[in-house]
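Here the structure is laid out as structure tokens; the discussion comes afterwards.
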Amino acid sequence: MRLLLVDDDPGLLALLRATLDAVDVELDDAEDVPSAIASIEARRPDAIVLDVNLPGVDGLSFCRRLKHDRDTRDIPVVILSGSDGGTADEALAAGAEAFLRKPFSPLELLAIVERIAGGLYGIPFRATKPREPQEQLLLYARDLRHLLEIERGQRHLLENAYHETVAALATALESKDTGTRAHSQRVQRYAVELTKFVHPELVDDQSTEYGFLLHDVGKIGIPDEILLKPGPLTEAERRRMMTHTVLGEQMLGGVAFLRGEGLRVVRSHHERWDGDGYPDRMAGTEIPLGARIFAVADALDAMTSDRPYRKAMSWAAAGREIVSESGKQFDPDVVTAFISRDRALRAIRREFASAA
């Protein structure tokens with residue numbers, strides 16, 4: 001489906017592009033009548049959305065011209081108008097098939113274009129003759145399903161944008177903290193694997209995975225001389241480093257798609273089962289479950305990765321350390337999950353190693 005928008009408003013063009021991309025509709029645009037004519041001659045559109053207030057020749061005059069031309073009179077036209085533009089009667093008198101006043105919902109425009117152009121997804125043209133009630137209900141149901149498909153498509157695009165933003169933040173951290181390259185992605189995968197074993201429903205909260213990926217984002221606020229120090233930290237430096245959990249929560253607290261378990265992971269992933277962690281010294285099941293799961297995943301990756309101040313441990317040695325800390329640093333149930341999913345976790349490690 002190809003739609004031609006004739007309007008000199010860049011904001012409207014951006015809005016429609018964002019909407020129509022989600023439903024696989026091709027959108028061409030023109031800011032005035034001459035460029036619209038050139039576009040039509042280059043490739044005939046399936047429908048034209050035409051603003052009344054155009055520079056030079058106005059939209060109503062151009063619509064009349066289109067409808068008097070044998071080559072273009074069959075192209076459906078939707079007239080757009082602001083508060084100071086034309087009226088529905090004037091649009092119909094000019095030959096337009098539909099009239100829409102600004103501001104409008106992009107989905108409203110899509111519904112109108114479907115009606116006049118015969119459907120973007122095979123939805124039939126809505127004839128004006130009366131229909132039987134049962135037939136009309138079926139048409140309404142089909143239209144509702146189609147609008148839901150559009151909404152799902154837009155939501156998918158939005159979720160992709162969210163994930164790309166989160167990944168960009170994690171990459172920014174890794175470019176600063178060079179000792180933890182790919183740490184965020186690896187530990188996210190470990191944590192998801194453990195979560196599926198411990199509490200699969202937690203993965204349904206998408207903020208959880210985002211929290212796993214952005215757990216250390218607060219380190220962006222930690223000075224490099226502390227973050228990259230090759231030796232042990234002083235007590236003052238250690239206290240400063242410990243603030244990264246609260247800094248991360250503050251940085252991400254206003255992000256709607258992170259509210260929930262994800263934000264709790266960011267704040268609480270350094271809490272300990274025995275209550276000796278930070279920042280809140282919570283213990284046992286007081287600690288959010290996502291944070292308890294993540295603590296094991298984070299420790300596993302930290303111990304099996306080279307750091308500026310030490311070399312990596314072997315996988316077997318790291319495993320023994322995690323098991324020895326069951327009931328002390330780590331939730332015993334999560335340690336059990338670690339033991340049960342050892343083979344899958346090793347596979348994730350090999351996957352990242354081969355991609356490096």
> Should Met282 and Pro288 count as side-chain neighbours, where that means a heavy-atom distance under 4.5 Å?
Replying inline: yes
>> Taking side-chain hydrogen bond (donor to acceptor under 3.5 Å, both in side chains) as the cut-off, I'd like each qualifying pair that reaches into residues 337-348, sequence neighbours left out, listed once.
In response: Glu193-Arg341, Trp315-Asp342, Asp342-Arg346
>> Rounded to the nearest 0.5 Å, what separates atom CH2 in Trp273 from atom CD in Glu286?
In response: 10.0 Å
> Do you know which two heavy atoms are closest between Ala318 and Thr304, and how far apart they sit?
Replying inline: CB-CG2, 3.7 Å
>> Using every non-hydrogen atom in the two residues, find where Ala283 and Asp274 come nearest and quote the distance to one decimal.
In response: CB-C, 4.2 Å
> Which ring pair (Phe, Tyr, Trp, His ring centres under 6.0 Å) pairs, counting each pair once, include a residue from residues 28-78, with sequence neighbours left out?
Replying inline: none
>> Quick check on the hydrophobic clustering: are Leu247 and Leu227 connected, directly or via other members, by side-chain heavy-atom contacts under 4.5 Å?
In response: yes
> Given the rule that I, L, V, M, F, W and Y join up when any side-chain heavy atoms are under 4.5 Å apart, are Val192 and Leu263 in one cluster?
Replying inline: no
> Can you name the nearest heavy-atom pair linking Arg44 to Asp71, along with the distance?
Replying inline: NH1-O, 2.5 Å
>> Would the distance check show the side chain of Asp58 and the main-chain N or O of Val52 forming a donor-acceptor pair, the cut-off being under 3.5 Å?
In response: no
>> Working note: Leu3 + Glu26, criterion side chain to side chain contact (heavy atoms under 4.5 Å, CB included); need CA distance, chi angles, decisive distance, verdict.
In response: CA-CA 6 Å; Leu3 190 63; Glu26 184 179 351; over 6 Å; no
> If two hydrophobic side chains count as joined below 4.5 Å and joins carry through other members, does Val246 share a cluster with Met242?
Replying inline: no
>> Suppose we screen for ring pair (Phe, Tyr, Trp, His ring centres under 6.0 Å). Which residues come up paired with His270, at least two apart in sequence or across chains?
In response: His244, Tyr278
> Just how far is it from atom OG1 of Thr245 to atom CZ of Arg267, taken to the nearest 0.5 Å?
Replying inline: 6.5 Å
> Looking at Gly260 and Ser207, what are the two nearest heavy atoms and their distance?
Replying inline: C-OG, 3.9 Å
>> Run the ring pair (Phe, Tyr, Trp, His ring centres under 6.0 Å) test against Phe294 and tell me which residues pass, sequence neighbours left out.
In response: Phe212, His215, His269
> Between Val266 and Gly248, what is the shortest heavy-atom contact and its length?
Replying inline: CG1-C, 3.6 Å
> Any side-chain heavy atom of Arg65 within less than 4.5 Å of one from Ile37?
Replying inline: yes
> What's the spacing between Arg349 CZ and Arg186 CZ if we round to 0.5 Å?
Replying inline: 4.5 Å
> Can Ile293 and Phe330 be said to form a side chain to side chain contact (heavy atoms under 4.5 Å, CB included), step by step?
Replying inline: CA-CA 8 Å; Ile293 293 170; Phe330 304 123; over 6 Å; no
> Taking it one step at a time, do Met241 and Lys219 satisfy side chain to side chain contact (heavy atoms under 4.5 Å, CB included)?
Replying inline: CA-CA 8 Å; Met241 178 68 87; Lys219 285 185 178 179; 4.2 Å; yes
>> Does any part of the side chain of Thr243, heavy atoms only, come nearer than 4.5 Å to the side chain of Ile222, both counted from C-beta?
In response: yes
>> To the closest 0.5 Å, what do you measure between CG (Leu80) and CG (Leu54)?
In response: 9.5 Å
> How long is the gap from CG on Asp28 to CD1 on Ile48, to the nearest 0.5 Å?
Replying inline: 11.0 Å
>> If the condition is side-chain hydrogen bond (donor to acceptor under 3.5 Å, both in side chains), which residues does Arg64 pass it with, not counting sequence neighbours?
In response: Ser61
> Do any pairs count as a side-chain hydrogen bond (donor to acceptor under 3.5 Å, both in side chains) and have a residue in residues 317-333, sequence neighbours left out, and if so which ones?
Replying inline: Arg292-Asp331
> Got a donor-acceptor contact below 3.5 angstrom from the Ser354 side chain to the Arg350 backbone?
Replying inline: yes
>> Quick one, Leu233 and Ile226 - any side-chain contact, counting heavy atoms below 4.5 Å?
In response: yes
>> Please evaluate residues Glu31 and Asp7 with respect to the criterion side chain to side chain contact (heavy atoms under 4.5 Å, CB included), reporting the C-alpha separation (whole Å), side-chain torsions for both, the decisive distance (0.1 Å), and the verdict.
In response: CA-CA 5 Å; Glu31 63 181 13; Asp7 197 309; over 6 Å; no
>> Side chains of Asp89 and Thr87 only: does a donor on one sit below 3.5 Å from an acceptor on the other?
In response: no
> Is there a path from Leu202 to Leu345 through hydrophobic residues (I, L, V, M, F, W, Y) whose side chains come within less than 4.5 Å of each other?
Replying inline: yes
> Taking a hydrophobic cluster as the set of Ile, Leu, Val, Met, Phe, Trp and Tyr residues connected by side-chain heavy atoms closer than 4.5 Å, whether directly or through intermediates, do Val335 and Tyr190 fall within one such cluster?
Replying inline: yes
> Quick one: does Glu90's side chain get under 4.5 Å of Ser81's, heavy atoms only?
Replying inline: no
>> As an exercise, state the distance from CD1 of Ile75 to NZ of Lys67, rounded to the nearest 0.5 Å.
In response: 7.5 Å
> Is there side-chain contact between Val78 and Glu97, with heavy atoms separated by less than 4.5 Å?
Replying inline: no
> Shortest non-hydrogen contact from Val296 to Leu194?
Replying inline: CG1-CD1, 4.1 Å
> Can a salt bridge be assigned to the pair Arg239 and Glu235 using a cut-off of 4.0 Å between side-chain N and carboxylate O?
Replying inline: yes
> Between the main-chain N or O of Gly290 and the side-chain N or O of Glu261, is there a donor-acceptor pair closer than 3.5 Å?
Replying inline: yes
